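Residue numbering restarts at 1 for every chain, and letters A, B, ... go by the order of the sequence lines. The structure displayed is predicted, hence computed values, not measured ones.
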Amino acid sequence: MRPTVITVLLAAALGGCVSQSMSIRSLPAQDPAAENAAAAESAAAFAAAAATANTAASDSGQVGGGTEQTLPPVTPADAPSMVTYDPWERINRFTYRFNARFDEAIFLPVANTYRRIPSPLRAGVHNFFGNLSEVDSVVNYTLQWRLKLGARSLGRFVINSTLGIGGLFDVAAKLKLPGMPTGLSSTLAKWGMHPGPYLVIPLLGPSTLRDGLGYLGDYATSYAVDVAKLYRGDVSWGLGVVNAVDQRSNVNFRYYATGSPFEYENIRFLYVRKRLIEDEGLRAKDPKKGAQSTTQQENASGEPAGK
Amino acid sequence: MRWSNTRSAPPSGIRRALVHLALAALASWSSIARSAVFPTQGVEPAPPGATQATAASQAVPVIAAPAAPGPAAGLADSAALRATIFGTPAQNMAPMPNRVPLAEINIELPWKRPVPDVFWFDRKLRVWFSAQDKPAPLAIVISGTGSDGNTAKLSVLRGALYGAGYHVLTMPSPTFPGFIVSTSSTGVAGDLMQDGQDLYAAMQQIIEHLPREVKITDIDVLGYSLGGANAAIVKSIDARAGKLKIHRAVMIEPPVSLFSSIGRLDKLFALSVGTGDDAIDGLYRQLYAELANLYRASDRIEIDEDFILEAAATVLKTDAEFSAAIALSFRIDLVNVFFAGDLYAGTGVVVDPKHPPKVSDSLDETQRILRNKPFSEYFTKVFAPYYLKRRPNTTAAGLIADNRLDIIRDALQNDPDYYAQANSDDLILDKQELTWLRTTLGSKIAVYDHGGHLGNIGERRQVSDMLDMLGGRWTGVAR
């Protein structure tokens with residue numbers, strides 16, 4: 001009987017271990033048939049998109065012919081150094097290990113249990129928190145002087161809070177207004193602030209000084225606006241926990257799944273490069289300020305990336 | 001995280017942090033290459049000739065960098081490289097079941113050596129198990145070079161095997177750092193017989209500790225790439241030791257000689273990437289610029305999973321780029337094996353045996369040095385010194401010979417329960433090695449015309465042949 005085996009495995013998992021040396025933890029079942037169907041679908045969509053893009057490119061005679069491409073393209077010489085600015089490396093490494101242990105012992109098991117809840121319910125929770133974050137997006141798009149996007153976020157917030165029953169349903173996305181969240185870190189980048197030193201934040205994970213300030217600022221904004229008294233009311237603590245679990249359950253990452261002793265270096269490298277490329281994108285959308293990109297400045301001064 | 005010590009909740013912020021973490025992981029140095037080399041099945045941009053871009057690149061096949069003239073640095077043709085990179089297209093996949101239960105097993109092995117500080121997270125061996133709800137045969141699947149026991153390729157094989165009624169146990173490669181630290185009795189990975197013995201011992205421990213409700217009627221082993229060779233060796237060890245009574249072994253696209261296969265990958269790296277710091281820096285800068293421009297041209301707010309997959313398909317277009325991605329993926333695995341080997345063997349190439357690195361020490365410099373080192377250096381500076389000291393009667397040439405499937409040639413030839421699947425355009429095999437496999441295994445091998453290295457795993461024919469072999473129904477190619 002299948003249920004028997006599952007019950008046994010589950011019981012073993014709850015019991016912690018079958019024996020002292022071996023532990024069995026049951027995971028959510030896989031559905032390879034559905035995964036395959038989804039992969040086939042996305043491959044077809046991808047092929048269609050590629051065909052369209054090719055037609056468009058040949059029509060305009062320019063690959064990726066965006067109208068905002070007034071900046072010279074990024075050349076290999078513009079790329080930041082492979083070395084990342086990490087003056088707080090010792091403490092960062094310590095924090096990284098703490099995060100890995102916390103995640104393995106508490107955060108991930110809780111998130112895995114949460115994943116057993118039927119997905120429509122989880123989607124509701126996810127949409128609810130996504131909707132709350134629109135407040136930050138409205139504020140920050142305004143600070144970035146991208147008012148159209150700010151209005152869009154505001155529109156999404158209004159639509160989803162009403163038609164979407166307090167944000168449980170993402171009605172706006174169905175009306176062709178998918179979410180495009182932003183935050184203080186992007187605003188600071190837009191204003192020309194560099195990422196600064198690499199920073200591993202306890203429980204949150206990889207970040208930079210600028211991104212860290214961004215999190216604090218975003219939280220302060222939410223706290224100040226205090227939508228429906230969710231941030232200062234009695235439920236705020238519980239809500240924070242649910243939010244954290246929701247976010248963790250949507251993130252397919254496991255500390256040290258690579259088994260590699262260089263995981264700290266690898267994650268740092270990729271995190272900072274990802275943020276620098278995103279900064280390039282932000283600047284490209286504002287040609288006046290983008291004339292000199294972050295990476296170009298860095299290279300000119302010969303300093304490591306991320307500084 | 002503020003909510004842990006105040007009464008207030010910060011619903012925003014956490015999300016972005018975690019999403020960043022996930023993307024860092026997704027794109028993680030290893031998985032960037034791996035998602036390029038082994039992406040979710042079927043993200044190949046377009047079938048050949050379907051779009052103008054592909055048609056153009058077909059018409060002018062060699063837009064490769066000067067370093068890599070001709071197709072695939074002479075190791076494989078364009079189609080083989082594409083298959084290796086993009087895997088089996090989703091529409092060609094064998095039918096899969098809708099539900100595969102999965103459990104993760106962590107086991108501390110009794111012969112575990114002291115765990116070095118920098119490997120604190122690899123204390124236990126981690127494997128994955130899918131149990132049938134009735135008595136069933138057990139299929140043990142071993143992963144490929146440098147990989148853990150839950151890769152995308154293993155998921156595909158697990159689905160196919162579970163669907164066919166097997167309990168499925170998937171295990172990491174003996175070259176995966178987690179295996180080297182938790183399970184290897186030497187710490188110096190890559191010796192077929194030694195790794196086979198460690199795998200075999202670990203299998204016994206795991207099976208012994210499975211819940212009693214799991215009824216196993218028979219045991220078969222299989223593996224892909226290096227794991228295929230490992231599987232055959234494990235069966236040959238069991239044939240003498242008799243502890244598990246392993247019935248059949250199926251090698252999916254195995255190497256014939258470890259060192260010649262990896263030598264080919266060294267060559268691929270040298271030809272497609274180059275040698276020295278400048279070469280890797282150049283590749284990185286090129287990738288950075290391409291990604292930055294792609295990202296600028298897109299409407300995206302954030303670099304996400306879709307962007308990375310799209311970018312992999314957009315950035316990788318020429319044979320030289322395919323070759324570089326494949327070579328890089330193996331090099332990233334080698335860096336880990338090299339580091340662990342040097343640390344355990346005390347050979348002092350990058351790790352000072354008297355002052356091994358601690359958790360808080362930076363490994364930047366170590367990593368920079370290691371990523372320039374080819375496999376041949378692992379052999380000459382770590383592997384050979386370590387094993388020659390312990391096997392005084394052998395030579396370096398002897399070690400190389402010991403790492404050929406020749407060591408179990410008689411069994412492969414005469415025992416009807418060894419099978420293999422191979423591709424004639426596999427870039428880890430040369431013509432002679434393929435011929436050796438054909439002649440040695442006779443009718444017990446299926447050779448496919450196309451698939452590159454592992455580019456047809458999960459494909460209908462591969463899966464049905466594999467199941468026929470495991471079930472003893474295989475009657476040779478001329479069915």
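- For A:Arg268 and B:Asp364, the salt-bridge test passes: some basic side-chain N is under 4.0 Å from an acidic carboxylate O.
- Put simply, the side chain of A:Glu280 does not reach to within 4.5 Å of the side chain of B:Tyr295, judged on heavy atoms.
- Considering only heavy-atom pairs separated by less than 4.5 Å from chain A, the leading option among B:Ser362, B:Pro177, B:Gly159, B:Ala292 is B:Ser362.
- Proximity to chain A (any heavy atom under 4.5 Å) is shown, for B:Asn106, by both the backbone and the side chain.
- Side-chain contact check for B:Ser360 and A:Arg93: no donor-acceptor pair (N or O, by modelled atom type) lies under 3.5 Å.
- Note that the OG1 atom of A:Thr75 and the OH atom of B:Tyr288 stand 11.0 Å from one another [nearest 0.5 Å].
- For chain A, no part of B:Val181 is nearby; none of its heavy atoms comes within less than 4.5 Å.
- For a residue to count as touching a neighbouring chain, one of its non-hydrogen atoms must lie under 4.5 Å from one of that chain's; by this rule B:Arg158 touches chain A with the side chain only.
- Both the backbone and the side chain of B:Asn98 come within less than 4.5 Å of a heavy atom in chain A.
- In terms of non-hydrogen atom pairs under 4.5 Å with chain A, the most contact-rich of B:Val100, B:Asn150, B:Leu109 is B:Val100.
- Both the backbone and the side chain of B:Asp361 come within contact range of chain A, each with at least one heavy atom under 4.5 Å from a heavy atom of that chain.
- In this view, A:Tyr256 and A:Tyr96, B:Trp120, B:Phe121 satisfy the ring-ring contact (aromatic ring centres under 6.0 Å, His included) rule, not counting sequence neighbours.
- Judged purely by atom type and a 3.5 angstrom limit, A:Glu265 uses its side chain to pair as donor or acceptor with the backbone of B:Leu363.
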